[in-house]
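These notes are about the structure you will find just below.
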Amino acid sequence: MPLGLELLELALTHRSFAYENGGLPHNERLEFLGDSILGQAVTVMLYTENPTLDEGELAKRRASLVSSVALAEVARAIGLGKYIKLGRGEELTGGHDKSSILADTVEAVIGAVYLDCGEDVATAFVLRLIRPLLENPERFGAAMDPKTSLQELSTRLGRGLPAYAVKDSGPDHSKRFHATVSLGGDPVAIGTGTSKKQAEMSAALEAWTQLQISHKK
């Protein structure tokens, strides 16, 4: 089993790079492991730090914090995208900033930390990544329900209601969805995901972010 830098390199290797380079190992097994570590760490944290919340609210918050949308935000905050090893096709289509690739890589890195450093360090690592979302209530609210947050913000700014257009690509067993959100007929942001809902959420959060930045200038 590779350790240290070799394990980290594996976590950063997307399957597109692996396939284009003779079938090298890639990060999907680490992603599978990291997803489990992430879920446990977030569940325990929410349970212990929110004694008054009921099961439904805890589940809602957990779903938000472990979602691809939230993990992509984490990846962008730490500049992870530029380190991911991608195949040429993914690079040419903006793979270094695709929410789905970013989120998957975060999970793979978490899996690598667990194998290399153990459960306690991996848990601390997860919480360090996630807490910035919790410490920014506005951002956390948008990550929990980006489509509603975008609708409320765009309406308040007089931009009208968001409209979504979704296309899919790839074989049935590995289909990707690409959503474009428009305001007033003008495309504002694009999101990708493994489902139509995930792609729309990703696009909505990106559009919400752009509106927030432009409104605060």
Side-chain angles (χ1 to χ4, degrees), residues 14 31 35 38-39 42 46 53 56-82 84 86 90 93-107 126 129-170 174-217:
H14 188 258
E31 176 193 335
D35 176 68
L38 169 71
V42 170
L46 289 173
L53 294 183
E57 183 62 25
L58 288 172
K60 182 179 179 181
R61 295 194 181 193
R62 178 179 60 189
S64 171
L65 289 171
V66 303
S67 71
S68 292
V69 172
L71 293 181
E73 287 301 295
V74 167
R76 292 186 180 103
I78 62 175
L80 184 63
K82 62 185 177 182
I84 302 173
L86 298 172
E90 285 290 358
T93 56
H96 287 289
D97 194 48
K98 283 186 180 178
S99 293
S100 56
I101 291 177
L102 291 172
D104 291 346
T105 306
V106 169
E107 291 181 336
V126 168
L129 293 177
I130 293 297
R131 284 199 184 281
L133 280 176
L134 292 171
E135 292 167 359
N136 185 341
E138 189 176 54
R139 186 79 192 173
F140 180 59
M144 284 185 68
D145 191 353
K147 294 181 71 173
T148 298
S149 295
L150 174 61
Q151 180 174 317
E152 292 174 348
L153 180 59
S154 62
T155 299
R156 188 167 72 248
L157 297 178
R159 298 290 299 274
L161 296 176
Y164 298 86
V166 182
K167 297 180 180 179
D168 61 68
S169 63
S174 185
K175 197 173 289 294
R176 308 295 302 181
F177 292 83
H178 313 271
T180 300
V181 58
S182 300
L183 297 174
D186 298 321
V188 176
I190 297 174
T192 63
T194 55
S195 68
K196 177 181 177 181
K197 179 179 179 181
Q198 188 180 85
E200 288 182 346
M201 289 175 62
S202 179
L205 185 58
E206 176 60 27
W208 180 89
T209 301
Q210 292 185 26
L211 286 184
Q212 284 284 92
I213 293 173
S214 61
H215 179 60
K216 292 179 178 179
K217 286 183 178 179

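- Take H96 and apply the side chain to side chain donor-acceptor pair (under 3.5 Å) test, not counting sequence neighbours, and it matches no residue.
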(request) Before giving the answer on side chain to side chain donor-acceptor pair (under 3.5 Å), spell out for R176 and T192 the whole-Å C-alpha distance, their side-chain angles and the decisive distance to 0.1 Å. (result) CA-CA 7 Å; R176 308 295 302 181; T192 63; 4.7 Å; no
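- Here the side chain of T155 pairs a donor or acceptor atom with the backbone of Q151 at under 3.5 angstrom.
- The side chain to side chain contact (heavy atoms under 4.5 Å, CB included) check on A179 picks up V166, A199, E200, A203, with sequence neighbours excluded.
- Scanning all heavy atoms of the two residues, the minimum distance from L102 to A75 falls at CB-CB, 3.7 Å.
- In this structure, CG in L161 is found 9.0 Å from CG in L183, a value given to the nearest 0.5 Å.
- For A70 against L65, the heavy-atom pair with the smallest separation is CB-O, 3.8 Å.
- Dense packing is recorded around NZ of K175, with more than 12 heavy atoms of other residues, nucleotides or ligands lying under 6.0 Å away.
- One finds the CZ atom of R131 at 6.5 Å from the CG atom of L134 (value rounded to the nearest 0.5 Å).
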(request) Dump the intermediate steps for side chain to side chain donor-acceptor pair (under 3.5 Å) on S202 and K98, then the final yes or no. (result) CA-CA 9 Å; S202 179; K98 283 186 180 178; over 6 Å; no
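- Every residue meeting the side chain to side chain donor-acceptor pair (under 3.5 Å) condition with R76, not counting sequence neighbours, appears here in chain and number order: E73, D97, S99.
- Put simply, CG on L71 and CD1 on I130 are 5.5 Å apart, with the number rounded to the nearest 0.5 Å.
- Taking the side chain to side chain contact (heavy atoms under 4.5 Å, CB included) definition, one finds that I78 meets it with L80, L129, sequence neighbours left out.
- Here the CG atom belonging to L211 is positioned 5.0 Å from the CG atom belonging to L153, to the nearest 0.5 angstrom.
- Listed by chain and residue number, L150, V181, V188, A189 satisfy the side chain to side chain contact (heavy atoms under 4.5 Å, CB included) test with A207 (two or more places apart in sequence, or in another chain).
- Looking at S67, its side chain does come within 3.5 Å of a backbone N or O of S64 through a donor-acceptor pair.
- Shown here are the side chain to side chain contact (heavy atoms under 4.5 Å, CB included) partners of T180, two or more places apart in sequence or in another chain: S182, P187, I190.
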(request) Please step through side-chain contact (heavy atoms from CB on, under 4.5 Å) for the pair E107 and L38, ending with a clear verdict. (result) CA-CA 7 Å; E107 291 181 336; L38 169 71; 4.1 Å; yes
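- Side-chain contact between W208 and S149: present, with at least one pair of heavy atoms (C-beta onward) separated by less than 4.5 Å.
- For the pair T148 (side chain) and D145 (backbone), a donor-acceptor distance under 3.5 Å is absent.
- Rounded to the nearest 0.5 Å, atoms NZ (K60) and CG (L53) are 11.0 Å apart.
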(message) Does H14 form a side chain to side chain donor-acceptor pair (under 3.5 Å) with T105? I'd like the steps, not just the answer.
(response) CA-CA 8 Å; H14 188 258; T105 306; over 6 Å; no
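- For the atom pair OH of Y164 and CE of M201, the computed distance is 10.0 Å after rounding to the nearest 0.5 Å.
- With respect to R156 and E152, no salt bridge is recorded, no charged nitrogen being found less than 4.0 Å from a carboxylate O.
- In terms of modelled atom types and a separation under 3.5 Å, the side chain of S154 and the main chain of G160 share a donor-acceptor contact.
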